[in-house]
Amino acid sequence: MTVEFPIERAPGVAAGRSSASSYGGLVWTVATALDKTLDFKGQIAASFEKIERVLAQFGTDKRYLLSVNVFLSDLGSKAEFDVAWRQWVGGNPDHWPQRACMGTVLSPGTLLEIAVVAAKPE
């Protein structure tokens with residue numbers, strides 16, 4: 001017996017991966033810059049743009065972020081990321097998600113990766 005779940009998926013750029021999934025009023029997505037020649041600020045901007053675009057495809061936006069995990073190839077760049085983050089997330093604490101920031105090894109040329117979970121407004 002096959003059970004169908006109403007899972008929505010957005011196509012990804014790599015085989016075997018979706019760029020986002022949605023189920024039960026929640027959306028999961030991960031963003032990195034496709035252009036690995038961009039500097040850190042450029043990769044941050046490209047990642048934020050991708051998050052906004054994908055969330056919009058699922059009928060939500062960054063105001064509904066619940067959880068964000070930020071993976072940095074150099075944890076020493078966290079302070080620089082925090083400046084861009086505060087600007088992007090905005091000044092309203094009612095829209096601030098829980099956030100963790102970690103240093104890790106990423107694929108060559110990738111300076112950061114951002115994984116988010118957002119709610120869909122009813």
Side-chain angles (χ1 to χ4, degrees):
M1 178 168 130
T2 303
V3 177
E4 289 292 322
F5 292 101
I7 298 172
E8 296 177 76
R9 300 182 198 280
V13 295
R17 296 185 231 168
S18 297
S19 67
S21 300
S22 176
Y23 178 75
L26 296 175
V27 178
W28 292 262
T29 191
V30 176
T32 61
L34 291 177
D35 183 353
K36 305 306 180 196
T37 66
L38 293 172
D39 65 7
F40 188 58
K41 285 182 181 179
Q43 288 198 23
I44 292 170
S47 296
F48 286 163
E49 186 280 325
K50 181 180 179 186
I51 290 167
E52 289 182 24
R53 181 174 32 83
V54 171
L55 291 178
Q57 289 176 336
F58 286 91
T60 190
D61 62 54
K62 66 184 177 181
R63 294 173 301 162
Y64 298 95
L65 290 172
L66 300 172
S67 178
V68 177
N69 289 314
V70 180
F71 303 94
L72 301 173
S73 65
D74 175 9
L75 193 54
S77 62
K78 182 181 178 297
E80 184 178 358
F81 178 80
D82 286 342
V83 170
W85 170 263
R86 285 189 299 271
Q87 192 171 43
W88 181 71
V89 81
N92 186 343
D94 290 340
H95 300 159
W96 294 347
Q98 167 279 325
R99 192 195 91 181
C101 199
M102 298 148 269
T104 190
V105 176
L106 297 170
S107 63
T110 300
L111 303 178
L112 79 152
E113 185 168 326
I114 305 171
V116 307
V117 179
K120 286 184 179 183
E122 295 182 349

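Basis for what follows: all heavy atoms, side chains included, without hydrogens, waters or symmetry-related copies. Count residues from 1 along the sequence.
Counting only residues at least two apart or on different chains, the salt bridge (charged side-chain N to carboxylate O under 4.0 Å, His left out) pairs with a member in residues 98-110 are Asp82-Arg99. Each side chain to side chain donor-acceptor pair (under 3.5 Å) pair with one or both residues in residues 41-51, not counting sequence neighbours, appears once here: Glu49-Arg53. A salt bridge (charged side-chain N to carboxylate O under 4.0 Å, His left out) check over residues 84-94, counting only residues at least two apart or in different chains, returns nothing. Among residue pairs with one or both ends in residues 63-72, those qualifying as salt bridge (charged side-chain N to carboxylate O under 4.0 Å, His left out) are Asp61-Arg63; sequence neighbours excluded.
The minimum heavy-atom distance linking Leu38 with Ala46 is given by the pair CD1-CB, 4.2 Å. Residues Ala119 and Thr60 approach most closely at O-OG1, 2.6 Å, considering heavy atoms.
For the side-chain hydrogen bond (donor to acceptor under 3.5 Å, both in side chains) test, residues two or more places apart in sequence or in another chain that qualify with Ser67 are Gln98. Evaluation of the side-chain hydrogen bond (donor to acceptor under 3.5 Å, both in side chains) rule for Glu8 yields Lys120 as partners, not counting sequence neighbours. Applying the side-chain hydrogen bond (donor to acceptor under 3.5 Å, both in side chains) rule to Asn92 yields no partners; only residues at least two apart in sequence or on another chain are considered.
Side-chain atoms of Ser18 and Ser21 include no donor-acceptor pair closer than 3.5 Å.
Separation of atoms CZ (Arg9) and CH2 (Trp28) is listed at 10.5 Å; rounding is to 0.5 Å.
Counting non-hydrogen atoms of other residues, nucleotides and ligands closer than 6.0 Å to CD of Gln87 gives a total of 12 or fewer.
When hydrophobic residues (I, L, V, M, F, W, Y) are linked wherever their side-chain heavy atoms come within less than 4.5 Å, the members clustered with Val13 are Leu34. Residue Trp88 is found in a hydrophobic cluster whose other members, listed by chain and number, are Val27, Phe40, Ile44, Phe48, Ile51, Val54, Leu55, Phe58, Leu65, Val68, Val70, Leu72, Leu75, Phe81, Trp85, Val89, Trp96, Leu111, Leu112, Ile114, Val116; membership requires side-chain heavy atoms under 4.5 Å apart, directly or through intermediates.
Between Lys62 and His95 there is no side-chain heavy-atom pair separated by less than 4.5 Å.
Proximity of a side-chain donor or acceptor of Thr32 to a complementary backbone N or O of Glu113 within less than 3.5 Å is not detected.
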